[in-house]
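Order of the sequence lines sets the chain letters (A, B, ...), proteins ahead of strands, with each chain counted from 1. Side chains included, hydrogens not; waters and symmetry mates left out as well; all remaining heavy atoms used.
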Number of protein chains: 2
Amino acid sequence: MTTKKNDPRVMRTRQLLQDSFTSLIREKDFKDITVRDITEKATVNRATFYAHFADKYELLDFTITNTFRDYLRQRLNCHDVFNQESITNILLIMCDYHKDLSSRCQRSYQSLRPIIESKIIEELQNVIFHLLLKGNKNTSFLDDDRELLKTISTLLSWSIYGAAYTWNNDGRKISAEELISKTIPIIMNGVGKLIS
Amino acid sequence: MTTKKNDPRVMRTRQLLQDSFTSLIREKDFKDITVRDITEKATVNRATFYAHFADKYELLDFTITNTFRDYLRQRLNCHDVFNQESITNILLIMCDYHKDLSSRCQRSYQSLRPIIESKIIEELQNVIFHLLLKGNKNTSFLDDDRELLKTISTLLSWSIYGAAYTWNNDGRKISAEELISKTIPIIMNGVGKLIS
DNA sequence: GCTGAAATGTTGTTTAAACAACATTTCTAA
DNA sequence: TTAGAAATGTTGTTTAAACAACATTTCAGC
């Protein structure tokens, strides 16, 4: 079966599985959720599950990537360019995201973290990279330039993710705004000269 | 295609079509709703629509019957027997139903009425018949008895439907409770001696 | 450790949904 | 009135979902 991912049936099935999973993750720890649970709630045959995902980890990846992408899109202005404002916004978004996730997945937040971390950062890295690209549209594009932007977006995505995660995990002892005012100068200092 | 109606795919498709239709009926008059509109909103192929329903009228029937049945089930105690209390309750339910329907289908209420009327009454008739049956469980069942109960439920369903419809359509100049106190005595008088 | 039950994957077959293409009817506006 | 656009039905083919049956792994309780 060479599942065309634009077939309405395929999209529906994936959506049903994703919805079912998001609903289950509110109630149970990830490790206690079985494939059977997921497919039953989704009213999808178990064999169909395996036609789409290797196992529940792959569905987790899919779900996390999707919802996080939506989350970003919703709160990011599509005309945004890389600057202090947009990076500040992203840090704020990441703070909220961790806050939301940890409350929405009470049962699983800790066990999920190591699994989803890389996906989130990857997505974040991508967004930042594209912000950087847009800011440099007119300049000629040597491979070296691209590499530099890649490096910057890697560093930024990890540091922003890490800052927000640590803030949330340590109990949010300061406000998100305080965190931002402490963190952003350092971040922007680091890349300031490179991209001006 | 001999559509087994307990296949999850079949149930899902019908539900999607029904939901799409209920949503469209809020916005548009029934006559302005095309089969294409329905299937597009439901993300179901148009040909699939015709595998389930002959035309939009059949979907209307299906939807009305379904939602009305749910509406009744929700507000009717399953232990109810035929008596003044349960019939009063049914009249009240029918008043609410007409009130709801006329507000929810502003665009179509008048054009829908003649089409759905028979389905609603049929359903109502069924419910009342079963209430009557339960009340007479122990007595021996001659065909003549059944016929009498049939006749009673026909009369009651039409009169109750008619009373509620007229009340709603004339602008609800009295409260539902007033309507009930005026109507129920007459209704119960008519059948009173027959079923005691 | 051993056993049986539950969960996980896998496979072949059947069935319903998607799709494209077509003929027919109904509307609409020039 | 008439041309063409849109909506309605219909059909044959392709594809994905459902299903049942199976082997394999995991795991809890004895």
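B:Phe53 places its CZ atom 14 Å from the C1' atom of C:dA17, with the value rounded to the nearest Å. Atom pair B:Asp7:CG and D:dA16:C1' shows a separation of 12 Å (rounding to whole Å applied).
The side chain of B:His52 has C:dA17 as its nearest neighbour among C:dA17, D:dT15, D:dA18. In this structure, the nucleotide among D:dA17, C:dA16, D:dT10 sitting nearest to the side chain of A:Val10 is D:dA17. Taking only side-chain atoms of A:Arg12, from C-beta outward, the nucleotide of D:dA17, C:dA18, C:dT11 with the closest atom is C:dA18.
Residue contacts for A:Thr43: at a heavy-atom cut-off of 4.0 Å it reaches the sugar-phosphate backbone alone, with no base atom in range.
Looking at B:Phe68, B:Tyr161, B:Trp167 one by one, the single match for ring pair (Phe, Tyr, Trp, His ring centres under 6.0 Å) with B:His98 turns out to be B:Tyr161.
Side-chain N/O atoms of B:Arg9 and base N/O atoms of C:dA17 include no donor-acceptor pair closer than 3.5 Å.
The hydrophobic clustering, which links ILVMFWY residues whose side-chain heavy atoms are closer than 4.5 Å, places B:Phe21 and B:Met11 apart.
Under a cut-off of 6.0 angstrom, the local environment of CD in A:Glu58 is crowded, with over 12 non-hydrogen atoms contributed by other residues, nucleotides or ligands.
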Please list each protein N or O that sits under 3.5 Å from an N or O in nucleotides 4-9 of chain C, with the distance.
unit_1 : atom_1 : unit_2  : atom_2 : d
C:dT8  : OP1    : A:Val35 : N      : 3.4
C:dT8  : OP2    : A:Val35 : N      : 3.0
C:dG9  : OP2    : A:Tyr50 : OH     : 3.4
C:dG9  : N7     : A:Arg46 : NH1    : 3.0
C:dG9  : O6     : A:Arg46 : NH2    : 3.2

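In summary, the side chains of A:Asp37 and A:Thr34 do present a donor paired with an acceptor at a separation below 3.5 Å, with no hydrogens or angles considered.
B:Leu16 has its side chain within reach of A:Arg12: a pair of non-hydrogen atoms, C-beta onward, lies under 4.5 Å apart.
The aromatic rings of B:Tyr165 and B:Tyr109 sit tilted, their planes meeting at an angle between 30° and 60°.
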